Protein chains: 2
Amino acid sequence: MVADRIPEHPDVRTVPLQQVLEALVDPVRRSIVTQLHDADADIKCGGFNISVSNSTATHHFRVLREAGLIRQHYVGTSRMNTLRDNEINKRFPGLLEAIVTADRVATN
Amino acid sequence: MVADRIPEHPDVRTVPLQQVLEALVDPVRRSIVTQLHDADADIKCGGFNISVSNSTATHHFRVLREAGLIRQHYVGTSRMNTLRDNEINKRFPGLLEAIVTADRVATN
DNA sequence: ATGAAAGTACGATGATCGTCAAACTTTGAT
DNA sequence: ATCAAAGTTTGACGATCATCGTACTTTCAT
């Protein structure tokens, strides 16, 4: 069934800060979040500019999903990723914006 | 000599975001930063409410210092810690405030 | 039906990191 | 001079984590 391929998503209001920070401290995952933020649109897993293997990428997407940072749904064989920035911003005001902005600083 | 006991401090304008986030992702270190922020005053190493051994605490203070988050200076045998919040805020606007605020959320 | 496309799941591995105990250093008080 | 107070330094140990290759699953196009 289609729904079986959709993984579980946490309620952002119950996700601990610790988990969100652990998700965002990894450079690859932070890059994924930044690309989603800058694109202001959904991006499928294969559509990101990251240089890790497929299985590693899957791992990173799961960490981000379980931290409530992204939402995933299928379109055909592609898994689309949506940034849950509104929900995250309600829970931890200013956090995502600050990190995405900081990631754009010249001398990163 | 007295000056020999003062460790080196980085220029915050050259500290990478990665290093700052790695410093803040540890709960003990984040607690130290939060306590400094809330106290709005210097606190000596032994004056924090943390439950790790002395040597572990030293390790955490070094990580925070090298990330440009705190400044340390000696007063007698005590090492005083100052939060470098102004400098950090210039480099990564809103980041420290967002994390400290998030740390105060009820369901952390 | 068959094959390609897009990811996922499953170990395994190597590196990093938080933690501690024990020994040491520096300063201040007696 | 001596001793306690406050931290630091130095290994050592466990646990966690990012990474990969391989095998597997699901969907879509031919």
Side-chain angles (χ1 to χ4, degrees), chain A residues 1-9 16-36 42-67 69-82, chain B residues 1-9 16-36 42-67 69-82:
Chain A
M1 207 198 306
V2 171
D4 290 359
R5 302 191 72 195
I6 301 179
E8 294 177 7
H9 293 81
L17 171 64
Q18 185 63 33
Q19 194 172 357
V20 173
L21 289 182
E22 281 171 4
L24 290 172
V25 80
D26 182 89
V28 175
R29 288 194 290 265
R30 202 164 59 246
S31 173
I32 290 172
V33 168
T34 300
Q35 289 178 51
L36 274 173
D42 296 2
I43 303 178
K44 63 175 189 165
C45 289
F48 288 91
N49 190 3
I50 51 178
S51 48
V52 291
S53 74
N54 235 339
S55 51
T56 300
T58 295
H59 162 67
H60 287 311
F61 286 118
R62 181 176 54 215
V63 172
L64 287 172
R65 169 170 32 87
E66 291 176 349
L69 283 163
I70 62 172
R71 174 169 282 124
Q72 300 188 297
H73 70 279
Y74 270 97
V75 175
T77 61
S78 292
R79 203 175 225 182
M80 296 299 298
N81 300 279
T82 312
Chain B
M1 205 197 307
V2 171
D4 289 1
R5 301 190 74 194
I6 302 178
E8 294 178 6
H9 293 81
L17 170 65
Q18 185 61 35
Q19 194 171 354
V20 173
L21 289 181
E22 281 170 4
L24 291 173
V25 79
D26 182 89
V28 176
R29 288 194 291 265
R30 203 165 57 246
S31 173
I32 291 174
V33 167
T34 300
Q35 289 178 50
L36 274 173
D42 295 1
I43 303 178
K44 64 175 189 165
C45 288
F48 288 91
N49 189 2
I50 51 177
S51 49
V52 292
S53 74
N54 236 338
S55 52
T56 299
T58 296
H59 163 67
H60 286 312
F61 286 119
R62 181 174 54 214
V63 173
L64 287 172
R65 169 169 34 86
E66 292 177 348
L69 283 164
I70 61 172
R71 175 168 282 125
Q72 299 189 296
H73 70 279
Y74 269 97
V75 175
T77 61
S78 292
R79 204 174 223 182
M80 297 299 296
N81 301 276
T82 312

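Small disclaimer: the values here were computed from a predicted structure and weren't measured. Order of the sequence lines sets the chain letters (A, B, ...), proteins ahead of strands, with each chain counted from 1.
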Distance in angstrom units between A:His73 NE2 and C:dG7 P, rounded: 12 Å
Please state how far atom CD1 in A:Ile43 lies from atom P in C:dA6, giving the value in whole angstrom units. 16 Å
Could you state the atom-to-atom distance from CE of B:Met80 to P of C:dT26 in whole Å? 22 Å
Report the distance from atom CG of B:Leu21 to atom C1' of D:dC17, rounded to the nearest whole Å. 17 Å
Between A:Val20 and A:Ala67, the two heavy atoms sitting closest are CG2-O, 3.8 Å
Straight-line distance of B:Met80 CE to B:Arg71 CZ, nearest 0.5 Å: 14.0 Å
Rounded to the nearest 0.5 Å, what's the gap from CG on B:Asn49 to OG on B:Ser51? Could you check? 7.5 Å
Is a donor on one side and an acceptor on the other found under 3.5 Å between the side chain of A:Asp42 and the backbone of A:Thr82? no
When the distance from CG of A:Leu24 to P of D:dC17 is rounded to whole Å, what number comes out? 15 Å
Any salt bridge (charged side-chain N to carboxylate O under 4.0 Å, His left out) involving residues 18-33 of chain A? Give me the pairs, sequence neighbours left out, ordered by first then second residue. A:Arg30-A:Asp103
Determine, step by step, whether A:Ile50 and A:Gln35 satisfy the side-chain contact (heavy atoms from CB on, under 4.5 Å) criterion, reporting the C-alpha distance in whole Å, the side-chain angles of both residues, the deciding distance to 0.1 Å, and the verdict. CA-CA 10 Å; A:Ile50 51 178; A:Gln35 289 178 51; 4.3 Å; yes
B:Pro7 side chain near B:Arg62 side chain, heavy-atom distance below 4.5 Å: no
Here the distance between atom P of C:dA6 and atom CD of A:Gln72, to the nearest Å, is 16 Å
Name the residue from B:Leu69, B:Leu36, B:Asn81 that meets the side chain to side chain contact (heavy atoms under 4.5 Å, CB included) definition with B:Leu64. B:Leu69
How long is the line joining CD1 of A:Ile50 and P of D:dC20, in whole Å? 10 Å
Could you give the distance from OG (A:Ser53) to NE2 (A:His59), rounded to the nearest 0.5 Å? 10.5 Å
Protein proximity profile, nucleotides 16-21 of chain C - base contact B, sugar-phosphate-only contact S, no contact -, cut-off 4.0 Å on heavy atoms: --SBBB
Between P on D:dA6 and CZ on B:Phe61, what's the gap in Å once rounded to a whole number? 14 Å
Would you list the protein and nucleotides 28-30 of chain C atom pairs, both N or O, that sit under 3.5 Å from each other?
none

